[in-house]
Amino acid sequence: MWLYDGLRQADDTPLLTLDGTSGPPYPLTSIVEANGPLTPVAANPGRHETG
C-alpha cells in the first residue's frame, strides 16, 4: 500500500512512500507511469494520519 507523504516543493506533485519500508518518497506520476492506475482502499489510521 502506498502512503501519502505530502507534495514535492518544485512542482506540487504528490509524493508517496511504500508502506512498511524506509525507502524514499516517489512522485505519483512515476508510480502511475510504471504500474498503471492506483486503486483506492479504505484508510487505516497510521503514521500519516492525525487526530
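The structure displayed is predicted, hence computed values, not measured ones. Sequential numbering from 1 along the given sequence is applied to the chain's residues. Below, each value reflects all heavy atoms present in this structure, side chains not excepted, and no hydrogens, waters or symmetry copies.
Separating the CG atom in Leu3 from the CG atom in Leu15 is a distance of 12.5 Å, to the nearest 0.5 Å.
Closest non-hydrogen pair, Leu16 versus Leu28, comes out as CD1-CD1, 3.6 Å. In plain terms, the two heavy atoms of Thr13 and Pro27 that are nearest each other are CG2-CB, 3.8 Å.
Taking the side chain as every heavy atom from C-beta outward, Trp2 and Leu18 approach each other to under 4.5 Å.
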